[in-house]
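Down below is the structure, laid out as structure tokens.
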Amino acid sequence: MHVWQERPMTPDAVTLMGIVNVTPDSFSDGGRFHHADRAIAHGLTLAEEGAHVLDIGGESTRPGAATVDINEELSRVIPVIEGLASRTECLISIDTRKPEVARAAVAAGAGLWNDVTALTYSPDSLGVAAELGVQVCLMHAQGTPETMQDKPVYADVVAEVVDYLSDRIVACAGAGISRERLIVDPGIGFGKTLAHNLALLAHLDRLSSLNCPVLLGASRKRFIAALDREGDAIERLGGSIAAVLAGRQKGASWFRVHDVAATRQALAVAGAIAAAD
Ligand code: 8Y7
């Protein structure tokens, strides 16, 4: 059986989480085995590039995305988790809202539950997370993927995100999930306007008061195109790296990215300059 490694929780160690999507829309040709093989190959490349964590998701949570049923989600992610858990040293993360999927993913070798609903999607989520004993990433979102970008409203986005995550940490404690197992995330793009995303990035240091590692997921997101030129997601590497470096300066230590090699290099250079200061 694969033994997953916990990532260090010290704020100065950087953890790179590489994104492995296993959804038919990300691989338009071929059947199910082809999807799994391509996702495994992609995960191996990201591991080679320096990813510490591989985040495997079988249900798109992009704005407007529809839900996927449990059996379909399981059939997408489980072969990929098994393939990557046995072939890499990476911590395997399951990106899901569903406790049933998290449970099966952990049995297949995952050691982190990345939940964009912060364990609120099902009444069973908190209990299952407690029982599984794995690390958990609690992400803030306003609304659901179907509707979240319709008209997000906050009085004070930074304060509301901090309060929400603080409440979720308390809920976790009540369910028997200790703070040492938690990672917090402002949820860039999840029910946020451009101004909300920028306020969260500019004040990301305020999440440090939660005493958990802060994860930033800005890679290739739409706000980058809104600030520069409208174009395909693949053309957002420069903006993605800018967000990582800004986030690092504001205390984030985990970065969920598509482009692991370029991000690793940017962090190495920025880190060396900061150390020579
Ligand atoms: C995030 C995420 C996505 C994020 C965490 C995309 C699954 C949208 N974004 N998980 N997932 N944080 N923790 O564009 O920001 O990658 S999906």
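When a ligand or atom number is given, it counts from 1 through the structure's own listing order.
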Checking side chain to side chain donor-acceptor pair (under 3.5 Å) for the pair His196/Thr193: CA distance, chi angles, key distance, verdict?
CA-CA 5 Å; His196 296 143; Thr193 63; 3.0 Å; yes
Sub-4.5 Å side-chain heavy-atom contact between Leu227 and Leu198:
yes
To the nearest 0.1 Å, how far is [atom] from its closest protein heavy atom, and which atom is that?
| atom | value |
| --- | --- |
| atom 9 (N) of ligand 1 | Lys221 NZ, 3.1 Å |
| atom 12 (N) of ligand 1 | Asp185 OD2, 2.6 Å |
| atom 17 (S) of ligand 1 | Thr61 OG1, 3.6 Å |
| atom 10 (N) of ligand 1 | Asn114 ND2, 3.1 Å |

Sidechain N-carboxylate O distance under 4.0 Å for Arg229, Glu235:
no
Charged N-O contact under 4.0 Å between Asp228 and Arg236:
no
Does ligand 1 come near enough to [X] that some N or O of the ligand is less than 3.5 Å from an N or O of the residue?
| X | value |
| --- | --- |
| Asp55 | no |
| Asp95 | no |
| Gly217 | yes |

List the steps and the verdict of side-chain contact (heavy atoms from CB on, under 4.5 Å) for Leu267 and Leu245.
CA-CA 7 Å; Leu267 283 165; Leu245 297 183; 4.0 Å; yes
For Glu48, does the CD atom have more than 12 heavy-atom neighbours from other residues, nucleotides or ligands under 6.0 Å away?
no
Using a 4.0 Å cut-off to any heavy atom of [X], which atoms of ligand 1 qualify?
| X | answer |
| --- | --- |
| Phe190 | 1 (C), 3 (C), 9 (N), 17 (S) |
| Cys137 | 13 (N) |
| Val116 | 2 (C), 7 (C), 10 (N), 11 (N) |

Counting heavy atoms under 4.0 Å, the part of Arg220 that contacts ligand 1 is neither
His258 backbone acceptor or donor facing Ser219 side chain under 3.5 Å
yes
How many angstroms lie between NE2 in His52 and CD in Glu89, if you round to the nearest 0.5 Å?
12.0 Å
Which option, Arg256, His258, His140, owns the non-hydrogen atom nearest atom 11 (N) of ligand 1?
Arg256
